[in-house]
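Structure first, commentary second.
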Amino acid sequence: MAKFAKNVDPKAVAEKQAANVMKQMQGKTLPSVGTVRNYEERLKIVAQHINAEFKCGLRDLTVVQAHQYLTDRALEVGQKTLDMERQAIQTMMQNVTGKLGQTEKLEVIKSEKLQILSSRSYTPEQVQMVVNAQTERNALSTEIAYAAGLRAHELHTLLPRDEREPSDRPALAEKFSGRDGVIYTIDGKGGLIREVLIPKDLADKLETRRLEQPTHIVDRGVNYLSHYDINGGNRWSSSYSTASNRALNWSAGAHGVRHSYAQERMSELKKVMPYEKALKVVSQEMGHFRPEITEVYLR
DNA sequence: GATGACTTCAACCAATGCCG
DNA sequence: CGGCATTGGTTGAAGTCATC
């Protein structure tokens, strides 16, 4: 009895079960750090539910019970979260508990909640209002991300062009045409190094924050080596959202400035070239492998 | 010493994006 | 076009720092 006393918290129990399962995944071909974090997080939620509903531990979960759980869960969360939980359970069953063979899969369940896909972009004036509601350090990150179309985490990976070679990717001559500034590189999604263009005045401000020694930064469990004293990742994203709510009474998230970049570049380029060509140029500037991805930024 | 502006963290949920 | 991997958004609690 006494030895269970410290484990009466259901959340703590579920957390431990998820952690143990993930530990047993070591040695398998593990996905990225961020994905591992997602799996563990989702498995913790799954464990909490099934501990209560089925009175069993996480690794006792059967295929039939998993199906039952996901079907119930479809009423509570959206498709993406439901997918993540199914994948996490599936990976556990394939690699740890053996309830599924390596090629066997769980049935895909449809969420009952429909997702609303509305525009996330900000006008230049709106971005300026958000910038004004942030401290100088966060404001600089916002201005750079907006001017160069960066993802939040990419702010932690900035480096001048002459200090790092970009990945070998096709590039049209029209890349960055109509704008000028200083070329930097960033380490993007999936390890793709790409060139980005930062206006001169912002590049100057950025260089005043250059560090003598690069500093180690952890964001959402992922390690970065930042060469500048600027914010990025979830800290900047959080700052942006709260500042947006203060200034505008709404927020579409920091990623909204990347949507703005895409839309502004498209309207600039469409004046001097056909739509298809413009889309191709913008997709290269944003580090997309295919132009169709860029189109989701235009809605 | 209360209040508000601002930042950070952790936990939960969702969108983005590649590829078969 | 769907499955799956990777990245981002929101929220509440808590901390710092002015300001009154």
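What you see below is based on every heavy atom in this structure, not just the backbone, and it leaves out hydrogens, waters and symmetry mates. We name chains A, B, ... by the order of the sequence lines, and we start the count at 1 in each one.
- Note on A:T135: every side-chain N or O is 4.0 Å or more away from OP1 and OP2 of B:dC6.
- Residues A:Q17 and A:L58 approach most closely at OE1-N, 3.1 Å, considering heavy atoms.
- Here the P atom of nucleotide C:dG12 and the CG atom of A:N245 are 11 Å apart, to the nearest Å.
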Query raised in the report: Run the salt bridge (charged side-chain N to carboxylate O under 4.0 Å, His left out) check on A:E174 and A:K270 step by step: do they pass?
Result: CA-CA 12 Å; A:E174 288 83 355; A:K270 266 191 305 187; over 6 Å; no

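- With sequence neighbours excluded, no residue satisfies salt bridge (Lys or Arg N to Asp or Glu O under 4.0 Å) with A:K55.
- Going from atom CG of A:L106 over to atom C1' of C:dC4 covers 13 Å, rounded to whole Å.
- The side chain of A:Y39 places an N or O atom within less than 4.0 Å of a non-bridging phosphate oxygen (OP1 or OP2) of C:dA5.
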Polar-atom pairs under 3.5 Å, protein N or O versus N or O of nucleotides 11-18 of chain B: list them with distances, or write none.
unit_1	atom_1	unit_2	atom_2	d
B:dC12	OP1	A:K11	NZ	3.4
B:dC13	OP2	A:R42	NH1	3.0
B:dC13	OP2	A:R42	NH2	3.2
B:dC13	OP2	A:R73	NH2	3.0
B:dC13	N4	A:E41	OE2	3.1
B:dA14	OP2	A:G78	N	2.8
B:dA14	OP2	A:T81	OG1	3.0
B:dA15	OP2	A:Q115	NE2	3.1
B:dA15	O3'	A:R120	NH1	3.0
B:dT16	OP1	A:R120	NH1	3.4
B:dT16	OP1	A:H259	NE2	3.4
B:dT16	OP2	A:R299	NH2	2.8
B:dT16	O3'	A:Y297	OH	3.2
B:dT16	O2	A:K189	NZ	2.7
B:dT16	O4	A:K80	NZ	3.4
B:dG17	OP1	A:R151	NH2	3.2
B:dG17	OP1	A:R258	NH2	3.2
B:dG17	OP1	A:H288	NE2	3.2
B:dG17	OP1	A:Y297	OH	2.7
B:dG17	OP2	A:H288	NE2	3.4
B:dG17	OP2	A:Y297	OH	3.0
B:dG17	O4'	A:K189	NZ	3.2
B:dC18	OP1	A:F289	N	3.3

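- Distance A:N132 CG to B:dC6 C1': 15 Å, rounded to the nearest Å.
- In this structure, the CD1 atom of A:I186 is 11 Å from the P atom of C:dT7, given to the nearest Å.
- For the pair A:S238 and B:dT8, the criterion of a side-chain N or O lying under 4.0 Å from OP1 or OP2 is not met.
- Rounded to an integer number of Å, the gap from A:N231 CG to B:dC6 C1' is 12 Å.
- If you run salt bridge (charged side-chain N to carboxylate O under 4.0 Å, His left out) between A:E285 and each of A:R169, A:K175, A:R265, A:R194, only A:R265 comes through.
- With respect to A:R179 and A:E264, a salt bridge is recorded, a charged nitrogen being found less than 4.0 Å from a carboxylate O.
- Residues A:A252 and A:Q87 both approach DNA chain C. Their nearest nucleotides, taken by heavy-atom distance, put A:Q87 toward the 5′ side.
- A:T242 has no side-chain polar atom (N or O) that falls below the 4.0 Å cut-off from OP1 or OP2 of B:dC6.
- Within the nucleic acid shown, A:S32 comes within 4.0 Å of sugar-phosphate atoms alone, with no base atom in reach, counting heavy atoms only.
- Contact annotation for A:A243: no contact, since no heavy-atom pair falls under 4.0 Å across all strands.
- Using a 4.0 Å heavy-atom criterion, one finds that A:V108 contacts the sugar-phosphate atoms exclusively.
- Close to C:dG9, at under 4.0 Å from its OP1 or OP2, lies a side-chain N or O of A:S237.
- Here the closest non-hydrogen pair linking A:E154 and A:G188 is OE2-CA, 3.3 Å.
- A straight line from OH of A:Y224 to P of C:dG8 spans 7 Å, rounded to a whole angstrom.
- Remark: P of C:dG2 and NZ of A:K105 are 15 Å apart, rounded to the nearest angstrom.
- Atom C1' of nucleotide B:dA5 and atom CD of A:Q134 are separated by 13 Å, given to the nearest angstrom.
- Of the residues A:Y228, A:W236, A:Y224, the one that meets the ring pair (Phe, Tyr, Trp, His ring centres under 6.0 Å) test with A:H156 is A:Y224.
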